[in-house]
Asks: 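The structure follows.
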Amino acid sequence: MDNVTNIESIERAISELYNGSTEQRSLANQWLIQVQLSPDAWKFCWKLLDFEKAFEVQFFGACTLYVKISKFWGELNSDSEENHEIIEQLRLKLFDIVVKYSQSNGLKAVAGRLTVAFSSFILHSVTNIWKTAIDEIFANLATFQNETMNRLFLEILTSLPEELNNGSFMNRVDVISVLRQHSDRIFNLLSTLLNSSDNQFGATQALKCFSSWITISLPLQQIAPTVVEIFKFLFDITTFDAAVETLCNIFSHGEVSTYKNTIYEFFFPKLDELFSLIVSAQQNNDSDTCHGLTRIITTLADSSISIIKSCAASGEEARIQRVAKFLELVLQCSRMPGFYPIDEQSSDMPFTFWYNLQDEIWNLSAQERTPEVMSFFQGYYFQLVDVILVKTVLPPKKVMDTWGSDEMEGSRCYRQDVGDVVMYMYNVLHTQLLKHICERLSTFLQNTDTSIQYIEAALFLLRSVADAVDLEETTYIPAVFELLPRLPQEDCLIQQSLFVISSFAEWLSNHPDILYPLKALLIRGLIAKETALPASLALKEILREHQHCAHEYAEDVLQAIFEVFQANSVGVREQNRLASCAALIIAVLPFDDARRCADTVLSPKFLEFQVAASSPNKYALAVNVLNIFSGFFYFLNVYTSEELPHSPKNGELVIELVSKLLPSLKVALETHQAREEIVQATCTLFKRAIRSSLNDFSALFSDTTSLIIQLYPVKPHASVLDLSSQLLTLMVSDEGNYREMAQRTFCEICSYSLKLFEGTIDPDIAEAFMSFLGLLVRRSTDLFLTINNKTLMEAAIFCASAKESGTVKQACFFLTNFISAPHRLNSPNHPVRQAVGEYGRRLVNVMIGGIAGNSPRIVVDSFAEVITALNKYEITLHSAWLKAACEEYDLVDKAIFASRILR
């Protein structure tokens, strides 16, 4: 270890850490970490702390000393009497170096590390070796008249709870007990310091120490007068941040809510001071001060919800007035001027309080839920609606265009939080909330000077309560929908109007007479790029809830979708959504009309795909168009109601569309060399086509299986195996002439998949192949008559021992069904059973090895299913295999283990 303890080598590594290249820094960092871990670090760290050394070297020495004391205390063997003297020498040496560095200017970072190291030393030794440590600190505080020394001892006291919370101590409970024995003395000292007009320690350090010791003990009733004094430090900019942290730590403490009377008597009277402070800060646009004050207010409010509820229900005027001041103060926190998150970032803090308060109001007892109490709380929630209505207003578009992505995302999240708050307000205000928002909307529309952003904000709040509104509400919502088509034709208002329609889709399904007049607004929104997102969302939601009446407006909507597809005027996601909408409409039309509409609406996409299929540089476009067709097929068969006056043959329509697409699809796979995204999109399309057509898909069995056999060797992919299992499951259940085709396809897929096992197989393909086998062995064991089942068994055993839990589970799924297959068919000489007999011992070895710890615990249940199948169907052979397997692994009570499995 000479090279480790060589000081020059360490200094050179530290220099490379700060000044070297990226590679040098990485290597130096790794080497220095190993240096810190070595036992020699106890000795050489002192040499690094020489005052003649560079600052970086001194800092590394201090960090090394801290690491050794905090994480490797056991190397000192403090339980040994003979080592107590060594530890005592370490204490004296450490204290001496801490004092020297604390008195040196410009070395605060090193002094800070050494102070924390000394605190860690105290915590490790205070229960057995140096029991008088804290008493000696107090004695020194009383003895020293040196400001630097007194500040040092206060910093040590501050770091004791912090280090205890951050570190790992075997005797943690004992250490906490010792610290709590001294907590009263600590708080008395800090109370004296905070109340002293001549505080040589510095108020900031005293506040930090107070905040730190709160984590050890919170005798709030005793320290409440001192906490009250802390409020005065909010008026001093030099102590403001420390006072905020201290008060927030006190009010967020887990035990603070148990001191209800103390909170009410000592802290509620400070509300007026906080109110004047936050109003002044808001008027001066001091966002930092507002943020700190809002933290204090909301933290105290969250801890006082039960007090607020009980005071409001007490009937005592004085208590009600104090609560009223508190609620007004919390409201003021959200009245921050400017736009979130550009001008301020604190108006969202009270949202959690208002949500929790409405929860408490909801849980009021029948005796407490008087009209007076409900009216009291409702008044403040109405005020909150007006406050957040203003805060929800967006700036003009030219301003928002200057925002970055982070600001836009922050604004979006803020609005989402606002929407959640408004929705939960409905529990307190009920339909009066709708009335209030509608009145504000009406006022904005009547006032010609009102910015359209205020109208947009009112619409946003309205759609936020949609989920809470009763489906039978007919007083306010119809009036809103009557108003929407007459709003100013601004993009932001059209967008928000469409979002309102989308949010109230379920309500509209119960009131179809309201829906038809909104058709023009929807169609206008679909065509424009700026409004396509909310329009397509609204149309899709309406069709899901109101599909049976879609034929009433089918022609106009489908024509609009056709125009969008033809012009490519909206984004890919919107086009996917519109394809789904077209399918939902076409699904309820008579077959001839459905065929004509589908050909017309999708014709631009057929042409687009033909071009993309043969163009190597239009690969992404080909994938997008395939996804559009997939979405169309998925929703084509959603409607299943027997109330339809006709029976649309959606399966035939799907077959016609896939047949039309198939030639271009083959060209696309060849042109784009069966790239992964193309393969996945193709398989998804066929799976959804099968789902919508079922037995009608038999007309495409031959073409699809040929495509699979051609595609899989070129681009093995899990999605191809998923499609194959779905297709073959359907084919083997068909009574026609498809069994031979299914058998050939199955053999081709198995043959090529087994070749993949000869090399390094992709875990996703292995998992999909096991799933493929497991599904088909359950569905048709006859498929396994003409294949090498022993090779399949070998592949399954390999997968059962894989590292990936998904692969293991699917392998066990296949093996469980594979073992039981011959017995379900009552065929004892079936080739499957012969494979089980030959490879059973290897299989049991893998299962027992997995249970013994070779596999993740999450797959043990899957192993149990395989063992259960062996117990049930191959008990004689399994008994011998199990005993042999138990001998190969270090299992306790092997005979008992085997007997319990075989039981």
Asks: Is there a side-chain hydrogen bond (donor to acceptor under 3.5 Å, both in side chains) between Ser365 and Glu368 once you walk through the steps?
Replies: CA-CA 5 Å; Ser365 65; Glu368 294 174 319; 3.2 Å; yes
Asks: To check you understand the geometry: which heavy-atom pair defines the closest contact between Val256 and Ile263, and what is its length?
Replies: O-CD1, 3.4 Å
Asks: So, does Gln282 use its side chain to make a donor-acceptor pair with the main chain of Gln332 at under 3.5 Å?
Replies: yes
Asks: Is there a donor-acceptor pair closer than 3.5 Å between any side-chain N or O of Gln453 and the backbone N or O of Ala457?
Replies: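 Here the side-chain-to-backbone pair does not exist.
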Asks: Apply side-chain contact (heavy atoms from CB on, under 4.5 Å) to residues Leu445 and Leu487 and explain how you reach the verdict.
Replies: CA-CA 8 Å; Leu445 289 171; Leu487 291 176; 3.7 Å; yes
Asks: With heavy-atom distances below 4.5 Å as the criterion, would you say the side chains of His546 and Leu515 are in contact?
Replies: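 His546 reaches Leu515 side chain to side chain.
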Asks: How many angstroms lie between CG in Asn627 and CZ in Phe632, if you round to the nearest 0.5 Å?
Replies: 15.0 Å
Asks: Just verifying a value: how many Å separate Lys270 NZ and Leu247 CG, rounded to the nearest 0.5 Å?
Replies: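 One gets 10.0 Å once the value is rounded to the nearest 0.5 Å.
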Asks: Report yes if some heavy atom in the side chain of Thr298 is under 4.5 Å from a heavy atom in the side chain of Thr352; otherwise report no.
Replies: no
Asks: Please check if atom CD in Gln367 has more than 12 non-hydrogen atoms from other residues, nucleotides or ligands closer than 6.0 Å.
Replies: no
Asks: Does Arg573 CZ have over 12 foreign heavy atoms under 6.0 Å away?
Replies: no
Asks: Go through it in stages, so that I can follow the logic: the residues are Glu456 and Arg415, the test is salt bridge (Lys or Arg N to Asp or Glu O under 4.0 Å), and I'd like the CA-CA distance, side-chain angles, deciding distance and then a yes or no.
Replies: CA-CA 12 Å; Glu456 189 271 346; Arg415 278 199 152 201; 2.6 Å; yes
Asks: With respect to Phe267, which candidate in Phe251, Phe326, Tyr259 satisfies the ring pair (Phe, Tyr, Trp, His ring centres under 6.0 Å) definition?
Replies: Phe251
Asks: What heavy-atom pair brings Ser334 and Pro350 nearest, and what distance separates the two atoms?
Replies: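 Ser334 and Pro350 have their closest heavy atoms at OG-CG, 3.5 Å.
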Asks: For Glu677, does the CD atom sit with more than 12 other heavy atoms under 6.0 Å from it, leaving out its own atoms?
Replies: yes
Asks: Between Lys540 and Glu574, is the closest basic N to carboxylate O distance under 4.0 Å?
Replies: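 Salt bridge absent between Glu574 and Lys540.
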Asks: Identify the two heavy atoms, one from Phe351 and one from Ile388, that lie closest to each other, and give their separation to 0.1 Å.
Replies: CE2-CG2, 4.0 Å
Asks: Got Glu608 and Asn568 here, is their nearest side-chain heavy-atom distance under 4.5 Å?
Replies: yes
Asks: Supply the atom-to-atom distance Leu526 CG to Cys581 SG, rounded to the nearest 0.5 angstrom.
Replies: 7.5 Å
Asks: Counting C-beta onward and ignoring hydrogens, is there a side-chain heavy-atom pair between Leu461 and Val418 closer than 4.5 Å?
Replies: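 Answer yes - side chains close enough.
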Asks: Are Arg463 and Glu541 within salt-bridge range, i.e. N to O under 4.0 Å?
Replies: no
Asks: So, Thr289 side chain and Asp286 main chain: donor-acceptor pair closer than 3.5 Å or not?
Replies: no
Asks: Could you check Leu521 against Ile501 for side-chain contact (heavy atoms from CB on, under 4.5 Å), going step by step and ending with a plain yes or no?
Replies: CA-CA 10 Å; Leu521 179 61; Ile501 294 172; 3.9 Å; yes
Asks: Rounded to the nearest 0.5 Å, what separates atom OG in Ser442 from atom CG in Asn447?
Replies: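 Answer for the OG-CG pair, Ser442 versus Asn447, is 11.0 Å.
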Asks: Validate the cation-pi geometry between Arg319 and Tyr264: distance from NZ or CZ to the six-membered ring centre under 6.0 Å, angle to the ring axis within 45°.
Replies: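 Yes - Arg319 lies over the ring of Tyr264, closer than 6.0 Å to its centre and within 45° of its axis.
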Asks: Taking C-beta and beyond as the side chain, do Tyr380 and Leu357 meet within less than 4.5 Å on heavy atoms?
Replies: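 No, too far: nothing below the 4.5 Å cut-off.
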Asks: Any non-hydrogen side-chain atom of Tyr414 less than 4.5 Å from a side-chain atom of Ser347?
Replies: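 Heavy-atom side-chain distance check passes, below 4.5 Å.
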Asks: Between Leu441 and Leu483, is there a side-chain heavy-atom distance shorter than 4.5 Å?
Replies: yes
Asks: So which atom in Asp343 and which in Gly338 form the shortest heavy-atom distance, rounded to 0.1 Å?
Replies: OD2-CA, 3.4 Å
Asks: Rounded to the nearest 0.5 Å, what separation is found between the SG atom of Cys248 and the CZ atom of Arg295?
Replies: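 Here the interatomic distance stands at 4.0 Å.
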Asks: Look only at the side chain of Lys391 and the backbone of Met336, and say whether a donor-acceptor pair between them is shorter than 3.5 Å.
Replies: yes
Asks: Does the pair Lys325/Glu328 count as a salt bridge with the N-to-O cut at 4.0 Å?
Replies: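 Salt bridge flag = no for Glu328 with Lys325.
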Asks: Can you list every ring pair (Phe, Tyr, Trp, His ring centres under 6.0 Å) pair that touches residues 493-526, not counting sequence neighbours?
Replies: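 Checked against ring pair (Phe, Tyr, Trp, His ring centres under 6.0 Å) - neighbours excluded - the pairs reaching residues 493-526 are Phe481-Phe504, Phe481-Trp507, Trp507-His511.
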Asks: Is the distance between the ring centroids of Tyr424 and Trp354 under 6.0 Å?
Replies: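 Between Trp354 and Tyr424, which both carry aromatic rings, the centre distance is not below 6.0 Å.
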Asks: Atom CG in Asn624, atom NZ in Lys605: separation rounded to 0.5 Å?
Replies: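 The CG atom of Asn624 sits 8.5 Å away from the NZ atom of Lys605.
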Asks: Identify the heavy atoms of Leu327 and Phe376 that sit nearest to each other, and give their distance.
Replies: CD1-CE2, 3.9 Å
Asks: Tell me which one of Thr475, Val465, Val480 satisfies side chain to side chain contact (heavy atoms under 4.5 Å, CB included) with Leu434.
Replies: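 By the side chain to side chain contact (heavy atoms under 4.5 Å, CB included) criterion, Leu434 pairs with just one of Thr475, Val465, Val480: Val465.
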Asks: Using modelled atom types and a 3.5 Å cut-off, is there a donor and acceptor pairing between side-chain atoms of Thr370 and backbone atoms of Val373?
Replies: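 Yes, the answer is positive, given that a donor and an acceptor are paired below the 3.5 Å cut-off.
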Asks: Carefully, step by step, assess Cys333 and Ile278 under the rule side-chain contact (heavy atoms from CB on, under 4.5 Å).
Replies: CA-CA 8 Å; Cys333 291; Ile278 196 167; 3.8 Å; yes
Asks: Are any side-chain N or O atoms of Ser630 and backbone N or O atoms of Leu626, one a donor and one an acceptor, separated by less than 3.5 Å?
Replies: yes
Asks: Counting distance only, does the side-chain N/O of Thr531 pair as donor-acceptor with the main-chain N or O of Gly525 below 3.5 Å?
Replies: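 At least one qualifying donor-acceptor pair exists.
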Asks: Strictly distance-based, threshold 3.5 Å: is any side-chain N or O of His430 a donor or acceptor partner for the main-chain N or O of Gln432?
Replies: no
Asks: Test Tyr355 against Asp420 for side-chain hydrogen bond (donor to acceptor under 3.5 Å, both in side chains), laying out the working first.
Replies: CA-CA 9 Å; Tyr355 167 74; Asp420 293 340; over 6 Å; no
Asks: Output yes when a side-chain donor or acceptor of Glu506 lies under 3.5 Å from a complementary backbone atom of Glu545, and no otherwise.
Replies: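 Not confirmed, Glu506 side chain does not pair with Glu545 backbone.
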Asks: Taking salt bridge (charged side-chain N to carboxylate O under 4.0 Å, His left out) as the test, write out the residues that go with Glu407, two or more places apart.
Replies: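 In terms of salt bridge (charged side-chain N to carboxylate O under 4.0 Å, His left out), with neighbours along the sequence ignored, Glu407 is linked to no residue.
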Asks: Between Leu384 and Val330, is there a side-chain heavy-atom distance shorter than 4.5 Å?
Replies: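 Val330 vs Leu384: side chains apart.
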Asks: Using modelled atom types only, decide if a donor and an acceptor are shared between the side chain of Lys519 and the backbone of Val557 within a distance under 3.5 Å.
Replies: no
Asks: Taking atom types as modelled, is there a side-chain donor on Glu555 or Gln559 under 3.5 Å from an acceptor on the other?
Replies: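 Not at all, the side chains of Glu555 and Gln559 share no donor-acceptor pair under 3.5 Å.
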Asks: What do the steps show when you test Glu317 against Gln321 for side-chain hydrogen bond (donor to acceptor under 3.5 Å, both in side chains), and what is the final call?
Replies: CA-CA 6 Å; Glu317 186 62 26; Gln321 287 303 315; 2.8 Å; yes
Asks: Given the ring of Tyr634, does Arg688 sit roughly above its face, with NZ or CZ under 6.0 Å from the centre of the six-membered ring and within 45° of the axis?
Replies: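 So Arg688 does make the cation-pi contact.
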Asks: Applying side-chain contact (heavy atoms from CB on, under 4.5 Å), run through Ser569 and Lys529 and close with a yes or a no.
Replies: CA-CA 6 Å; Ser569 56; Lys529 182 178 181 180; 5.7 Å; no
Asks: Quick check: closest heavy atoms across Pro485 and Leu518, and the distance to 0.1 Å?
Replies: CG-CD2, 4.1 Å
